[in-house]
2 protein chains.
Amino acid sequence: MYEKKIPLPLECGLMMTREILGGKWKPNLLLAISVGISRPSQLHREIPQSTKRVLNLQLKELEEFEMIEKKVYHQLPPKVEYRLTERGKSLMPLLQQMNEWGEKNRPFIKSIILKRTKALD
Amino acid sequence: MYEKKIPLPLECGLMMTREILGGKWKPNLLLAISVGISRPSQLHREIPQSTKRVLNLQLKELEEFEMIEKKVYHQLPPKVEYRLTERGKSLMPLLQQMNEWGEKNRPFIKSIILKRTKALD
DNA sequence: CATATAAGGGATAATATTATCCCCAGAAGA
DNA sequence: TCTTCTGGGGATAATATTATCCCTTATATG
């Protein structure tokens, strides 16, 4: 996320998508924003496993890549809203498929993860 | 990839998909295997930016999650072939979408990445 | 004999990514 | 006054992931 010393192949579509969706919470953020959860505090409540700090970092990157837009209302208390750009919206089918595939296969994947953690004692 | 100390939300479909496709070369490996590039050496030639070592690690994980199957021919020189399982095949539409979206948006994403690296001097 | 190919992996370094902690501002409500 | 809510981020620790290096086995080829 910060600087990359080992340049990644810029000629590969898969890598490009990875660059956008690779962050741990980015897919969740995009999906949440797409359904109208637009303010930072709401997003954090939606994804409480994470931290404001980290969410901010990932939001900033999504903004850098113009997947989302940020509207700042200069008020007190401050108010910020994110929304998807057209480019961001074009990711929705992909994200939905990711989510669906994951849901369908969740029991199976989960069981394997649990086996692994048990194998560690 | 090795051990995870911070447990990830097992109830989220997106996270499950991430667990499978999160490795740097896993999507490429799966796509390559799907088009018949089945032997480790072939795969490495297909993805020369990586290393045998790393590819092996990622292949092993894909196997653990039963996305691919490994056939070992006990010969000399050794011969190994990977192929997709049914579960692995079910990932193909997703991978193709990832690839297509990435290809479409590659020029744009690339330009932003390049701006960032230039901004570092 | 030197080199290549096949597949694999231990040990360790380098990098990248996330998490944690604690701070800031200003206003409203109990 | 003490707490809560808003949004934000510096500094640093902890973890996770990839990369690098080098060695093994056995056959075939120049």
Side-chain angles (χ1 to χ4, degrees), chain A residues 1-9 15 18-29 33 37-64 68-82 113 116-117 120, chain B residues 1-9 15 18-29 33 37-64 68-82 113 116-117 120:
Chain A
M1 299 290 161
Y2 304 139
E3 180 187 354
K4 284 183 183 157
K5 306 231 167 153
I6 298 171
L8 44 85
M15 283 295 167
R18 204 182 127 78
E19 180 70 17
I20 301 300
L21 297 180
K24 186 165 181 179
W25 307 104
K26 286 180 187 173
N28 303 271
L29 286 170
I33 293 172
I37 303 175
S38 55
R39 302 185 58 183
S41 52
Q42 296 177 320
L43 289 166
H44 185 213
R45 259 173 259 134
E46 188 71 13
I47 313 175
Q49 302 88 356
S50 179
T51 319
K52 279 190 311 168
R53 183 80 175 90
V54 174
L55 291 183
N56 279 340
L57 288 174
Q58 309 224 341
L59 285 166
K60 192 191 294 176
E61 292 197 345
L62 289 172
E63 202 193 345
E64 268 189 63
I68 59 179
E69 273 176 355
K70 183 178 186 174
K71 276 195 184 175
V72 180
Y73 297 80
H74 297 285
Q75 309 173 347
L76 278 173
K79 180 179 175 183
V80 167
E81 282 180 353
Y82 290 101
I113 294 177
R116 291 213 291 194
T117 58
L120 296 175
Chain B
M1 301 285 161
Y2 305 140
E3 180 187 353
K4 285 184 182 158
K5 306 229 166 153
I6 297 171
L8 44 84
M15 284 294 167
R18 203 182 129 81
E19 180 70 18
I20 302 301
L21 296 181
K24 184 165 181 178
W25 307 104
K26 286 179 186 172
N28 303 270
L29 285 170
I33 293 173
I37 303 176
S38 55
R39 302 185 58 183
S41 51
Q42 295 176 320
L43 289 166
H44 185 214
R45 260 173 258 133
E46 189 68 14
I47 313 176
Q49 301 89 355
S50 180
T51 320
K52 280 191 309 169
R53 184 80 176 88
V54 174
L55 291 183
N56 280 340
L57 288 174
Q58 308 224 340
L59 285 165
K60 194 192 291 175
E61 292 197 345
L62 288 172
E63 202 193 345
E64 266 189 63
I68 59 178
E69 274 176 355
K70 182 177 186 175
K71 276 194 185 176
V72 180
Y73 298 80
H74 297 285
Q75 309 174 348
L76 277 173
K79 180 179 175 183
V80 167
E81 282 180 354
Y82 290 100
I113 294 177
R116 293 213 290 194
T117 58
L120 295 175

As a test of reading the structure: which of D/dG9, C/dG8, D/dA19 is closest to the side chain of A/K60, going by heavy atoms? D/dG9
Would you compute the distance between atom CD of B/E46 and atom CD of B/Q42 and round it to the nearest 0.5 angstrom? 9.0 Å
Hey, does the side-chain of A/K52 have a donor or acceptor N/O within less than 3.5 Å of a partner on the base of D/dG8? yes
Side chain of B/K24 only, please: which of D/dT18, C/dA19, C/dT18 is the nearest? D/dT18
Before giving the answer on side-chain contact (heavy atoms from CB on, under 4.5 Å), spell out for A/Y82 and A/L43 the whole-Å C-alpha distance, their side-chain angles and the decisive distance to 0.1 Å. CA-CA 10 Å; A/Y82 290 101; A/L43 289 166; 4.3 Å; yes
Closest heavy-atom contact between B/E61 and A/R116? OE2-NH1, 4.3 Å
Rounding to a whole Å, what distance do you find between B/E81:CD and C/dG8:C1'? 17 Å
Rounded to whole angstrom units, what separation is found between the CG atom of B/L55 and the C1' atom of D/dT18? 11 Å
Counting side-chain heavy atoms from CB outward, which of D/dT6, C/dC21, D/dG8 is closest to A/P78? D/dT6
As a test of reading the structure: which of C/dA19, D/dT20, D/dG8 is closest to the side chain of B/V54, going by heavy atoms? D/dT20
From the set C/dG8, D/dT18, C/dA19, return the single nucleotide nearest to any side-chain atom of A/R18. D/dT18
Short side-chain N/O contact from B/Q75 to OP1 or OP2 of D/dA26, under 4.0 Å: no
When you get a sec, tell me which of D/dG9, D/dT18, C/dT18 is the closest nucleotide to the side chain of A/R53? D/dG9
Separation of D/dT6 atom C1' from A/Y82 atom OH, nearest Å, is 13 Å
Within this structure, what is the CG-to-C1' distance between A/L57 and C/dT18, rounded to whole angstrom? 9 Å
Which whole-number value in Å describes the distance from B/E61 CD to C/dG9 C1'? 15 Å
Residue pair B/Q49/A/K79 against DNA chain D: nearer the 5' end by closest nucleotide is A/K79
Which nucleotide sits closest to the side chain of B/W25: D/dA19, C/dG8, C/dG9? D/dA19
Would you say a side-chain N or O of B/N56 is under 4.0 Å from OP1 or OP2 of C/dG9? no
Indicate yes or no: at least one non-hydrogen side-chain atom of B/I68 is less than 4.5 angstrom from one of B/L29. no
Rounded to whole angstrom units, what separation is found between the OH atom of B/Y73 and the C1' atom of C/dG8? 18 Å
Taking the side chain of A/R39 as heavy atoms from C-beta outward, which of D/dT6, C/dG8, C/dA19 is closest to it? D/dT6
Grab the CZ-P distance between A/R116 and D/dA16 for me, whole Å please. 12 Å
Output, in order, the C-alpha distance, side-chain angles, deciding distance and verdict of side-chain contact (heavy atoms from CB on, under 4.5 Å) for A/L59 and A/E63. CA-CA 6 Å; A/L59 285 166; A/E63 202 193 345; over 6 Å; no
Might you point out which heavy atoms bring A/W25 and B/M15 nearest each other, and give the distance in Å? CZ3-CE, 3.4 Å
On DNA chain D, nearest-nucleotide positions of A/R45 versus B/P77: which is more 5'? A/R45
Let me know the distance between NE2 of A/H44 and C1' of D/dG8, rounded to the nearest Å. 13 Å
Side-chain contact check for A/S41: nearest option of D/dG9, D/dT6, C/dT20 is D/dT6
